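Please read these numbers as outputs of a predicted model, since none were measured by experiment. So you know, we letter chains A, B, ... as the sequences are listed, proteins then strands, and number each from 1.
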Amino acid sequence: MKFVLGACIVILTVMVAGAVFFVVPPAEGLGNLVRIAFLHIPAAWVSVIAFFMSAWWAAAYLRRGNIRDDARSFSSARLGFVFTLLATVSGAVFSKLTWGAYWNWDPRQTTILVLLLIYGAYLTLRAAMEEYNRRARVSAVYSLFSFLTVPFLVFIVPRLFFSLHPTPVLNGSGSVDMDPVMLVTLFAAAADATLIYIWLLLKSSRKEEKI
Amino acid sequence: MKPSTFQGIKLVLRKELMTGLRFRAAWAAMLMFSFTSLVCISFALGGTSAEPKLFAALLWILLFFSSLAGSDRVFSDEEAEGTLMALRVYAPSQAVLFGKMLYEFFVLTVITVLLLPLFIVFLGVETKEILLLLCTVGAGLWGISAAGTLLSALIVGAGVRSGLFSVLMLPVILPVFLPAIRLTEAAFGGTVVSLSFFGGIVLYDMILSVAASILFDYLWYAE
């Protein structure tokens, strides 16, 4: 199972990298800079998935008290932190190259920064707790408590700040406004990043359980 | 026999008020911290006029750090004095949470009542909408109290406490801060904003309070 998953990831990563550098055409207005999006969007996607999954396993831990749920919640948060960092840095580089500034408080930049702060706070709290049961319990509570910010990030932040960010792949009218080759490559990149997240999660949570 | 939740809230609040009055040094430290921070801001600006947006942001930064000066001790003091077990035995969990939350709100209100006029005087801020300002501050303090009380219970038993509370608090309280800064800016004569921002803060405060109530039991009964 682990070998099959690893093999799928290697094949998919090679295919996605080949498509990004040799097949995807330059985008109108963005030129070759659009290639950053194939790292940035999947990283942002996995950041959010990891956040949801961490909260999901935190709730499961509080309900059942199973250490496997705590290990998965923690591993998901740790991976989420790394993917959020990747999304933030790649987004900032894209922002500098297209809008002239690394940071301009775009709603999506704000959202990802809040997510980074939550992940950072969660990991700091965990590091500060010495006793195992207490550590698992308080981090599960914090994971769920910080999850309350999601409606704010989705509904309020976009009303607070002006956005220069390109429209999402699936825009407000429900239509997809993207070159078909780019779209297929983007979905493949997102699937690849999700598989990498699952593979690392399985590996990391098993190690955590043993500790 | 444990009292009812409502009776318990009253008793816990009374206990907190009496303990708070006994430890006047803690009050003095909190008030002096707030005042010193205000003086620092005033010195830094040096009497120069600034945009309402900057004043609004400075006011909320001041309120946030003032709240940090006392909120992290809500449960840590009980732990240090060995009274947590007595509270567990004699009071329902929800009475402890809401009693402490109300006390926290009271402390922050007292600090704000003293700090806000000084802020307006020292920085020469012109307040155009006093009712909007008071409602916004009230709603903001509610959120800080609700989140602060639960997070204070979280850090009991933490090996490193210095700075941990603020690290945990900021991401959770941002949904209160950002709209509150916009509303305060409007109250100081800046850009007019929709009152739905105020509704958003109150709604988030309610969600924080309900979530704190649900999650607190997992902390309280686990020890």
Side-chain angles (χ1 to χ4, degrees), chain A residues 51 55 58-65 70 77 80-81 84 105 107 110-162, chain B residues 75 143 146-183 185 191 193-194 196-197 199-201 203-223:
Chain A
F51 187 51
Y61 175 77
L62 289 181
R63 209 172 51 240
R64 298 191 294 236
D70 173 59
F81 182 72
T84 310
W105 293 107
T110 309
T111 303
I112 207 83
L113 184 70
V114 174
L115 201 58
L116 195 65
L117 289 176
I118 290 173
Y119 277 133
Y122 173 91
L123 296 174
T124 309
L125 175 67
R126 228 175 139 99
M129 290 287 165
E130 281 145 21
E131 201 257 312
Y132 172 76
N133 286 329
R134 174 100 192 141
R135 182 172 61 209
R137 196 160 282 274
V138 298
S139 35
V141 168
Y142 188 71
S143 182
L144 289 170
F145 200 54
S146 58
F147 192 73
L148 298 175
T149 53
V150 169
F152 164 79
L153 297 175
V154 175
F155 299 111
I156 311 286
V157 165
R159 291 184 63 197
L160 282 175
F161 302 99
F162 172 73
Chain B
F75 283 92
T149 310
L150 183 81
L151 295 180
S152 169
L154 276 186
I155 60 168
V156 171
V160 183
R161 231 172 259 166
S162 170
L164 180 62
F165 186 75
S166 48
V167 168
L168 298 176
M169 184 79 163
L170 189 65
V172 176
I173 210 68
L174 269 179
V176 171
F177 273 10
L178 298 179
I181 290 172
R182 288 296 169 100
L183 286 164
E185 180 194 348
T191 320
V193 291
S194 161
S196 63
F197 283 114
I201 298 178
L203 183 68
Y204 189 70
D205 288 345
M206 284 159 70
I207 294 170
L208 278 180
S209 305
V210 172
S213 164
I214 295 167
L215 294 171
F216 185 69
D217 280 358
Y218 288 105
L219 294 172
W220 195 244
Y221 293 120
E223 306 302 312

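- Looking at L150(B), only its side chain comes within 4.5 Å of chain A, counting heavy atoms on both sides.
- Contact annotation for A153(B): only backbone heavy atoms (N, CA, C, O) come within less than 4.5 Å of a heavy atom of chain A.
- Here the CD1-CG distance, from I118(A) to L170(B), works out to 10.0 Å after rounding to the nearest 0.5 Å.
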**Q.** Verdict with reasoning, L125(A) to L164(B), per side chain to side chain contact (heavy atoms under 4.5 Å, CB included)
**A.** CA-CA 7 Å; L125(A) 175 67; L164(B) 180 62; 4.1 Å; yes

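- Separation of atoms OG1 (T110(A)) and CG (L178(B)) is listed at 7.5 Å; rounding is to 0.5 Å.
- Scanning both residues, A121(A) and L168(B), for their nearest heavy atoms gives O-CD2, 3.5 Å.
- Under a 3.5 Å cut-off, the side chain of R137(A) and the backbone N or O of L219(B) do not form any donor-acceptor pair.
- Listed by chain and residue number, S93(B), Q94(B) satisfy the side-chain hydrogen bond (donor to acceptor under 3.5 Å, both in side chains) test with D217(B) (two or more places apart in sequence, or in another chain).
- Contact count versus chain A (heavy atoms, under 4.5 Å) is highest, among L151(B), L154(B), I207(B), for L154(B).
- The choice from V141(A), L116(A), V114(A), L117(A) that makes the most heavy-atom pairs within less than 4.5 Å of chain B is V141(A).
- The parts of L208(B) that come within reach of chain A are both its backbone and its side chain, each placing non-hydrogen atoms under 4.5 angstrom from that chain.
- The minimum heavy-atom distance linking L148(A) with A211(B) is given by the pair CD1-CB, 3.4 Å.
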Q: Could you walk me through whether L215(B) and Y142(A) pass side chain to side chain contact (heavy atoms under 4.5 Å, CB included), step by step?
A: CA-CA 9 Å; L215(B) 294 171; Y142(A) 188 71; over 6 Å; no

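- Closest heavy-atom contact between F145(A) and V172(B): CE2-CG1, 3.7 Å.
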